[in-house]
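First up is the structure itself, then whatever we jot down about it.
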Amino acid sequence: MNIDRIISALLLWYNQNKRDLPWRQTRDPYKIWLSEVILQQTRVEQGLPYYLKFIEQYSNIFKLAKAPIDEVLRTWQGLGYYTRARNLHKCAKTIVEQYKGKFPEARSELLKLPGIGPYTSAAIASISFGKKEAVVDGNVIRVITRLFGIEEDISSLKTIKRVTSIAESLITNSNPDIFNQAIMEYGATQCKPNKPLCEECIFMDICISRIKNIQHKIPLKSKKIKKRKRFFNYLVIRFNNRMLMKKRNGNDIWHGLFEFLLLEAESEKDFMELQLPSVLKKFSNYWVLETISPSFKHVLTHQIIDCKFYEIKFSKSITIENYDWFSYEEVEILPKSILIDRYLREKIN
DNA sequence: TATCCGTGGGC
DNA sequence: TGCCCAAGGAT
């Protein structure tokens with residue numbers, strides 16, 4: 001296949017069709033890094049408002065590094081994959097403390113930073129520092145496997161290595177950053193996962209998968225995700241216009257976000273079946289169950305959560321280990337999952 | 001290496 | 001409705 005022709009067609013297309021996005025108007029590694037982390041597994045339409053918020057709130061890496069983690073998580077709230085936000089903050093601190101606020105230029109150095117992997121390191125190195133490093137993301141994998149008719153399973157490392165090798169053979173000596181962005185943009189807007197725009201494709205006559213009419217089967221992904229069912233029962237405990245909440249930790253979902261007192265069960269339970277904390281049994285005369293919410297269904301990548309909220313009003317202050325009382329104004333500011341946030345908003349309305 | 005981590009949109 | 005999947009990284 002004519003490599004030079006692929007490259008020139010792609011660059012011409014990009015020059016005429018690229019979307020005008022804020023991070024395309026700069027080489028500032030801080031902004032490029034921020035946009036790349038936000039866009040990990042995230043569509044531009046979903047990430048863009050968050051990018052603008054972060055830039056406004058944290059105009060440089062020193063401000064981000066100095067910010068409390070709860071505030072960073074609150075700004076990230078709703079974007080998902082919250083490890084990204086915690087690593088974003090960690091990375092900002094590392095760069096301020098160990099690199100005097102300046103991003104390292106070598107891909108190998110970038111790779112050592114938290115939250116920066118093979119893709120993001122190549123993106124920053126090429127876009128911010130002009131390094132000839134080929135990015136391999138979902139878009140690049142899709143464009144290359146289709147164009148070259150690669151029918152192998154992309155779950156295997158071998159296939160990814162093959163795609164990477166092709167990407168490296170394509171990347172231009174001059175303006176590798178533009179090539180990287182061009183091929184990603186082409187994958188995002190033309191060579192889309194569903195309904196690729198083959199009728200207007202610049203590679204129409206050379207795309208192996210189109211010629212063989214197997215575009216819809218490429219890239220091949222063998223593994224399918226199993227979703228685990230979970231049953232959450234939240235006790236929304238109130239006293240004197242305050243609510244009892246705690247920060248989630250451990251290896252579970254929503255690490256770093258705040259929630260109410262959680263009683264997880266193996267199956268759907270009624271209130272009477274729940275294993276209430278001993279404090280509630282001890283002070284049973286000091287609280288009433290006011291309302292039980294309808295079931296909230298929350299779908300994540302590997303889980304489906306069936307959730308109910310039990311609103312309990314206390315006439316006496318209690319103490320439960322690891323939980324703290326928060327006023328409604330404080331609750332509003334705490335970082336929370338969309339599930340909790342949705343419940344609170346429906347309650348207000 | 002396989003599995004986990006969110007949320008929203010498309011069909 | 002249920003399933004796919006989106007500018008990945010960590011473990």
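Computed over heavy atoms, backbone and side chain alike; hydrogens, waters and symmetry mates excluded. Chain A is the first sequence line, chain B the second, and so forth, proteins listed ahead of strands; every chain is numbered from 1.
The residue A:Leu157 sits close only to the backbone: its heavy atoms come under 4.0 Å of sugar-phosphate atoms, none of a base. Within the 4.0 angstrom heavy-atom criterion, no nucleotide atom of any strand lies near A:Gln77. A:Lys158 comes within contact range of no nucleotide atom at all, as no heavy-atom separation falls under 4.0 Å. Residue A:Thr83 is out of contact with every strand shown, counting any heavy-atom pair closer than 4.0 Å. At the heavy-atom level, A:Trp23 lies under 4.0 Å from base atoms of the strands shown. Within the nucleic acid shown, A:His298 comes within 4.0 Å of sugar-phosphate atoms alone, with no base atom in reach, counting heavy atoms only. No contact: A:Arg342 has no heavy atom under 4.0 Å from any strand. Across all strands shown, A:Val135 has no heavy atoms under 4.0 Å from either base or sugar-phosphate atoms.
Of the candidate nucleotides C:dG9, C:dA7, B:dT7, C:dG9 has the atom lying nearest to any side-chain atom of A:Pro118. Listed candidates were C:dG9, C:dA7, B:dG8. Nearest to the side chain of A:Thr120 is C:dG9. Comparing C:dA7, B:dT7, C:dG9 by their closest approach to the side chain of A:Gln40 singles out C:dG9. Checked against B:dC5, C:dG9, C:dC5, the side chain of A:Lys221 finds its nearest nucleotide in C:dC5. Considering only side-chain atoms of A:Thr301, the nucleotide from C:dC5, B:dT7, C:dG9 that sits closest is B:dT7. Distances from the side chain of A:Leu300 to the nucleotides C:dA7, B:dG6, B:dG8 place B:dG6 closest. Counting only heavy atoms from C-beta on, A:Arg84 has its side chain closest to B:dG6 among C:dC5, B:dT7, B:dG6. Distance from the side chain of A:Asn87 is smallest for C:dA10 among the nucleotides C:dC5, C:dA10, B:dC5. Of the candidate nucleotides C:dA7, B:dC4, B:dG6, C:dA7 has the atom nearest to the side chain of A:Val44. Residue A:Met184 has its side chain nearest to C:dA7 when only B:dC5, C:dA7, C:dC5 are considered.
Straight-line distance from the CG atom of A:Leu110 to the P atom of C:dA7: 22 Å, rounded to whole Å.
Between B:dT1 and C:dA10, the two C1' atoms lie 13 Å apart (nearest whole Å). Separating the P atom of B:dC11 from that of C:dA7 is a span of 16 Å, rounded to the nearest Å. Nucleotides B:dG6 and C:dC4 place their C1' atoms 15 Å apart, quoted to the nearest Å. Taking atom P in both B:dG8 and C:dG9, one finds a spacing of 22 Å when rounded to whole Å.
At a threshold of 4.5 Å between non-hydrogen side-chain atoms, the residues A:Asp324 and A:Leu244 do not count as touching.
Side-chain atoms of A:Arg142 come within 3.5 Å of backbone atoms of A:Gly187 as a donor-acceptor pair (strictly under, hydrogens ignored).
Nearest-nucleotide positions on DNA chain C place A:Arg24 closer to the 5' end than the other of A:Gly115 and A:Arg24. Of the residues near DNA chain C, A:Gln181 and A:Ile225, the one whose nearest nucleotide (by heavy atom distance) lies more toward the 5' end is A:Ile225.
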